[in-house]
Protein chains: 4
Amino acid sequence: MEIRIESDSRIPIYAQIEDQVRAMIAAGQLRPGNQLPTIRQLAAELRINYNTVAHAYMELDRAGVITTQRGRGTFVAELLDKAEMAQLRDRQLCGILRASLKEANRLGYSTDEVAAAFHRELSRWLRENETSEEE
Amino acid sequence: MEIRIESDSRIPIYAQIEDQVRAMIAAGQLRPGNQLPTIRQLAAELRINYNTVAHAYMELDRAGVITTQRGRGTFVAELLDKAEMAQLRDRQLCGILRASLKEANRLGYSTDEVAAAFHRELSRWLRENETSEEE
Amino acid sequence: MEIRIESDSRIPIYAQIEDQVRAMIAAGQLRPGNQLPTIRQLAAELRINYNTVAHAYMELDRAGVITTQRGRGTFVAELLDKAEMAQLRDRQLCGILRASLKEANRLGYSTDEVAAAFHRELSRWLRENETSEEE
Amino acid sequence: MEIRIESDSRIPIYAQIEDQVRAMIAAGQLRPGNQLPTIRQLAAELRINYNTVAHAYMELDRAGVITTQRGRGTFVAELLDKAEMAQLRDRQLCGILRASLKEANRLGYSTDEVAAAFHRELSRWLRENETSEEE
DNA sequence: GTGGTCTAGACCACG
DNA sequence: GTGGTCTAGACCACG
C-alpha cells in the first residue's frame, strides 16, 4: 500500500492516512476483504508512530470503511459494492472542489473571476500532470 | 466591515480574518486610506478573543496590506495601486484552487476524473450563484 | 452444537463460547457425558482460531463443567446433578441482569426510571419472543 | 463534575467518561452551554492521563454532544433541547437493558425464566438502592 | 503476532 | 491556559 505523508501539511498525519485509504478503496486499489498492512508495518514503512496509525485505523473502523478482526488484522469492509465505492470516490472529490468554491464565495469573488480562474488553473494542472503521469 | 467566521473550520480564525480583509481590499470594498475597525471593536463584534484579531492585524501589517498608526487606528495601506490589488486578488484565488487540485492529486484521482468533476461542480456553483447574486 | 459468535461484540470470543456451553448444559441441550465437538472441529465450524476454542475449553475444564480425556475428546462433566445445573443457569442469568443494573446505577439513573424502563423493555421483549418461539 | 472510574472494568476509561458525560447531560446535571472541566483538570481530578480524557472529549465532540472552542475550552452542545435530552437519556438506558435481554436470548433462556429473574433482580436492586439513596 | 489501551511527556497553534 | 497532535514505550487480551 502506497501512502504518502506530507509532514508539513496542516492536515494531521492520521487524517492523511484516512483520506488516502478511503481513496484507495474507492479507486478499487484496495478491494473489500483485502487486508491492510498491520499497524506496526505501516508505522514502520511511513516512519511514524504506532499510535498515529492506530488512530487512523480506529476512525476508519468506526466509519465502517474497514473492519478489525481481533488478533488477525484489519480488512477492507465487505459491505461496499462497486456502485457504493464509485459514489464514495465521487463524494470525496466533490467535497474537495466544493470546499474551494465555498471558500472563494466567502472571500467575495465574482462568478466570472472564479470561472476564469478555475479553467486557467485546471489547464495548468492538466499540463503538469500529463508529464508526470507518463513517467 | 462584514466578516464571517466559521468556528468549526480547520482554518484558524486569525487566518480567516486575514483572508477576508485581503479579499475586501482586493475587491475594492475597502479602499486605500479607509480605516479598519479597532481590534477591540472587531473582537466584540465577532465575539472572539482580542488576541486573535490582534494576530490577524499584525500579520496584515507585516505584509504591508494595512498600516497601524499608534493611537489613531489601523488603515488600508496607501501603497497599493490597482494593478497590485488585482494581482493580490488573483493570487489568493489561485491559491485556493491549486490547493484543491493538489489535494485531489494526493488522493490519486486521475486527470480525467478531476477535469470532469471540476466542470460539473463549477456549473452547479454558477447556477446556484446566479440566483443568489440577483438578490 | 450450535454456537453463534458475534464478532463485533466487546465480549471476547472465548468467553462467548464458554457462556453458551454453560447455557446449553444448564438448559439440558447438552447432558452429562455428552461429547463436545473437538477443538479443531469447532474452530473450523466457527471459522475462528484454534487457540480461541482451546482457551474456552480449558476454562470450562478448570471450572469442572467439562472433562477432557486425552486422546478421546471432551465431555460434559458427570458430576452435575439437576439442582446444580439449575443453580448454574440461574447464576448466569442473574449475572447478566445485575451487570445492567449496576451500569444504570453508574450512569446515575434514578430507581424510578430504571424500574419503569425495565418493565417496558421486558414487555417489549416478551412480545417479540412470543412470535419467534412459535416458529 | 463527578465522574467515577472503575479501573477494573472491561469498559475502557475513555468510554466510561463518555457514557457518564452523556448521562449527565441527559439528566440535566450538565446543561447546554455549560463548560466541562478542562482536559487537564479532569485528568488531574481522576488521576488519569491527559490523553485518556482528550480521547473521550474528542469522541463526544465528534458525536456532537459537546463543542470544542479553540483556546477556550469545551462546552455542552447548544443544539439539544429538553425533549432531545430526555430521549438521549432514555435511549441510553434502553440500550443497556436491551443488551442484557439480547444476551439472555443468545444464551437460550426461556421468556419465563428471564421474566422471573428480571423481577427478582429488580426488586433486590430497588431494595439496595432505597437504603443508599437515603444516605 | 495483532490490535487496544494507557501513561508520560513533548511541542504546537490558538486565544 | 486550552485543546490537538505526535512520539516512545509499556502492558494487555486475544488469537
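Distance from the side chain of C:Ile13 is smallest for F:dG15 among the nucleotides E:dG3, F:dT2, F:dG15. Residue A:Thr52 places its side chain closer to F:dC6 than to any other of E:dG4, F:dT2, F:dC6. Taking only side-chain atoms of C:Pro12, from C-beta outward, the nucleotide of F:dC14, E:dT5, E:dG4 with the closest atom is F:dC14. Checking E:dC6, F:dA8, E:dG15 against every side-chain atom of A:Asn49, the shortest atom distance belongs to F:dA8.
Applying the side-chain contact (heavy atoms from CB on, under 4.5 Å) test between B:Thr52 and each of B:Leu46, B:Ile39, B:Ile13, B:Leu42 identifies B:Ile13 as the sole match. Of the candidates D:Asp19, D:Val53, D:Ile17, D:Ile17 is the only one forming a side-chain contact (heavy atoms from CB on, under 4.5 Å) with D:Ile3.
Protein atom CD1 of B:Ile48 is 15 Å distant from nucleotide atom C1' of E:dA13, rounded to whole Å. We find that CG of A:Leu60 is positioned 14 Å from C1' of E:dG3, with the value rounded to whole Å. Atom-to-atom, CG of A:Leu46 to P of F:dT5 comes out at 18 Å; the value is rounded to the nearest Å. Atom C1' of nucleotide E:dG15 and atom CZ of B:Arg47 are separated by 18 Å, given to the nearest angstrom. Between A:Glu59 atom CD and E:dG3 atom C1' there is a gap of 16 Å when expressed in whole angstrom units. To the nearest angstrom, P of E:dG4 lies 18 Å from CD of D:Gln16. Separating the CE atom of D:Met58 from the P atom of F:dG3 is a distance of 14 Å, rounded to the nearest angstrom. Rounded to an integer number of Å, the gap from A:Arg62 CZ to E:dT5 P is 8 Å.
Donor-acceptor pairing under 3.5 Å, judged by distance alone, is present between the side chain of A:Arg40 and the base of E:dG3. With hydrogens and angles ignored, no donor-acceptor pair under 3.5 angstrom links the side chain of A:Tyr57 to the base of E:dG4.
Inter-residue side-chain proximity for C:Arg22 and C:Leu60 is flagged as met; some heavy-atom pair is nearer than 4.5 Å.
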side-chain contact (heavy atoms from CB on, under 4.5 Å), that's the test. Do C:Tyr14 and C:Met58 meet it? Break it down for me. CA-CA 10 Å; C:Tyr14 79 88; C:Met58 190 195 64; over 6 Å; no

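Distance alone, capped at 3.5 Å, places no donor-acceptor pair between the C:Gln69 side chain and the C:Phe75 backbone.
A distance of 13.0 Å separates CD1 of A:Ile66 from CD of A:Glu78, quoted to the nearest 0.5 Å.
Listed pair A:Thr74 / E:dG3 meets the phosphate criterion, a side-chain N or O lying under 4.0 Å from OP1 or OP2. Here A:Arg10 reaches the OP1 or OP2 of E:dC14: one of its side-chain N or O atoms lies under 4.0 Å away. When the side-chain nitrogen and oxygen atoms of D:Tyr50 are compared with OP1 and OP2 of E:dA8, none of them lie within a distance under 4.0 Å. Contact annotation: C:Tyr14 side-chain N/O to F:dC14 OP1/OP2 distance is under 4.0 Å.
Ranked by how close their nearest DNA chain F nucleotide is to the 5' end, C:His55 and A:Asn51 are led by A:Asn51. In terms of position on DNA chain E, the residue among D:Ala15 and A:Leu36 whose nearest nucleotide sits closer to the 5' end is A:Leu36. When the nearest nucleotides of DNA chain F are assigned to D:Ala54 and A:Arg72 by heavy-atom distance, the more 5′-ward of the two goes with D:Ala54.
Across the strands present, F:dC14 finds its partner in E:dG1; the criterion is a Watson-Crick or G-U wobble pair with both atom distances under 3.5 angstrom.
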